[in-house]
Amino acid sequence: MPGSDVEVVVVGGGAAGVAAARRLCAASIDCLLIEARPRLGGRAWTVIDESGFTLDLGCGWLHSADRNPWVEVAREQGVAIDQTSPPWQRPALEVGFPRTEQDEFQKTVAAFFARTERAAQAEQDTAASTLLEPGNRWNGLINAVGTYISGVDLDRLSVKDLDRYEDTGVNYRVFEGYGTLISNYGAHVPAMFDCPVRGIDHRGKRLRIETAKGAITADRVIVAVPSAVLAAEHVLFTPALPAKIEAAAGLPLGLADKIFIALAGAEEFEENVRVFGHIDRPGTAGYHFRPFGRPMIEAYFAGGFAAELETHGEEAFFDFAVSELVHLFGSDFARRLKPIRMHRWGLDPFALGSYSCALPGFADCRQTLAEPVDNRLFFAGEACSRSDFSTAHGGWFTGVAAADQVIATRNSAR
Ligand SMILES: Cc1cc2nc3c(=O)[nH]c(=O)nc-3n(C[C@H](O)[C@H](O)[C@H](O)COP(=O)(O)OP(=O)(O)OC[C@H]3O[C@@H](n4cnc5c(N)ncnc54)[C@H](O)[C@@H]3O)c2cc1C
């Protein structure tokens, strides 16, 4: 098999793996990226619909854009950057949610995050749900928004982890799609596709990476697969690495799914405005009207509620969205809606979810997951980031950090 003996193997071609491989290539290191899918990008995935619109089925927002390295890549690639402020930073539509109530909700959310900050200083970690005020009318919606942020309901979310997440509040998008941006960045990296890695044997002097297309030997490996894939032991280590697998299990991938829905007569609505299906419950979707001004709605489902819908098929998401939108805009509204595209990330065997969160008591697992083993096995991926986890730029930072560790250990061994 060509490339069956290389210096460094990178397992996984998402944001982290691509950033790592680019760094290694720039240092003239003989490396090979091995990807299970037929494409790069992983959870960054842009598809094109019948009308020619680019749809990001995974990440879409370049969060913390003023320090997000993908922004520089976008500039280098000459793609159009959209700096319109995101729907969550502007008032929602008032239907079913008058402005006075929105203000009250925002104040309650701010108080919740202030309690989170204080509680995170305590020695003992706890679940974020313990910080809800018993009986507060906004608890359902706070939980819903919590699932959009973390992918899990608040009772499964570590307060310390939630508090460690850093966001500058600057958010951009790219018209060509975040997925396209990331996969184009890796376009010239030596890579093998449709090639799941099944095991890494680190008993011998050299590493043996078992793949669906045969074995590859290497001196070092950067493992950049999702934490949930590691926890499920779809990549088996010999000898086993129980501390690593335990750390990965403490950082499961929460769930967030988007469905894009065509909207007839969309001009009636303001661009980039959001509405919640309901304001009194955790199981509700957020509807982003006219993203990029396009005649569609991007509906966002997350947490246990989305996991339940996944078991009923893609139609269940559309049917649910129609029921909520009809509740808000009247029964005629259903005729204006047509499903375009979605992806169920929880059922995707190479993701097993959308973005990592730490379970209560497991926030420090991120550091454990990121630690190299024996200066030969290195780890990357958004789940390894202490403060930029769950994002594509977090993936970048961990990929580059792992590549730099490889370069440093290689140089010191000479
Ligand atoms: C619906 C949704 C919305 C999101 N929104 C945003 C957003 O707006 N902004 C943002 O920054 N982030 C967002 N995210 C999160 C973001 O997409 C991820 O955090 C980021 O892309 C993760 O990059 P990664 O390289 O760590 O992992 P991945 O992208 O998952 O890459 C891992 C790679 O490993 C491969 N792989 C898995 N198993 C194997 C194996 N056995 N052998 C070989 N290869 C394997 C996978 O196929 C994949 O390509 C969103 C995610 C989803 C799903």
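Residues take their numbers from the sequence shown, with the count starting at 1. We count ligands from 1, going down the list as the structure has it; atoms in each ligand are counted the same way.
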Looking only at heavy atoms, is any part of [X] under 4.0 Å from ligand 1, and if so is it the side chain, the backbone, or both, or is it neither?
{"X": "Arg198", "result": "neither"}
{"X": "Ile182", "result": "neither"}
{"X": "Trp345", "result": "side chain"}
{"X": "Ala380", "result": "neither"}
{"X": "Tyr355", "result": "side chain"}
{"X": "Thr391", "result": "both"}
{"X": "Val11", "result": "side chain"}
{"X": "Tyr300", "result": "side chain"}

Atom 32 (C) of ligand 1 - nearest protein heavy atom and its distance: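 Minimum-distance protein heavy atom for atom 32 (C) of ligand 1 reads Ala224 O, 3.3 Å.
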Audit row: Phe320, Phe305, ring-ring contact (aromatic ring centres under 6.0 Å, His included) steps and yes/no: CA-CA 11 Å; Phe320 188 90; Phe305 150 70; 4.9 Å; yes
Any carboxylate oxygen within less than 4.0 angstrom of a Lys/Arg side-chain nitrogen, looking at [X] and [Y]?
{"X": "Asp404", "Y": "Arg23", "value": "yes"}
{"X": "Asp201", "Y": "Arg206", "value": "no"}
{"X": "Glu268", "Y": "Arg336", "value": "yes"}
{"X": "Asp388", "Y": "Arg67", "value": "yes"}
{"X": "Glu271", "Y": "Arg294", "value": "no"}

Any heavy atom of [X] sitting closer than 4.0 Å to ligand 1?
{"X": "Ala351", "result": "no"}
{"X": "His234", "result": "no"}
{"X": "Gly41", "result": "yes"}
{"X": "Phe389", "result": "no"}
{"X": "Thr398", "result": "no"}

Within 45° cone of Phe289 ring axis and under 6.0 Å: Arg274 NZ or CZ: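 Pair Arg274/Phe289 does not count as cation-pi.
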When you compare ligand 1 with [X], is there at least one nitrogen or oxygen pair between them that comes in under 3.5 angstrom?
{"X": "Ser354", "answer": "no"}
{"X": "Tyr178", "answer": "no"}
{"X": "Ala15", "answer": "yes"}
{"X": "Val197", "answer": "yes"}
{"X": "Gly60", "answer": "yes"}
{"X": "Ala36", "answer": "yes"}
{"X": "Asp257", "answer": "no"}

Could you please spell out the steps behind the ring-ring contact (aromatic ring centres under 6.0 Å, His included) verdict for Tyr185 and Trp70? CA-CA 9 Å; Tyr185 188 64; Trp70 293 113; 5.5 Å; yes
Of all residues at least two apart in sequence or in a different chain, which pass the ring pair (Phe, Tyr, Trp, His ring centres under 6.0 Å) check with Phe389?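 Here the qualifying residues are Tyr165.
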Just by modelled atom types, is the Gly42 backbone N or O under 3.5 Å from a matching donor or acceptor in the Arg39 side chain?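 Confirmed, Arg39 side chain pairs with Gly42 backbone.
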Just by modelled atom types, is the Thr168 backbone N or O under 3.5 Å from a matching donor or acceptor in the Ser64 side chain?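 Present.
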According to ring-ring contact (aromatic ring centres under 6.0 Å, His included), does anything in residues 339-377 pair up with another residue at least two apart or in another chain? List the pairs.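 Residue pairs passing ring-ring contact (aromatic ring centres under 6.0 Å, His included), neighbours aside: Trp45-His343, His343-Trp345.
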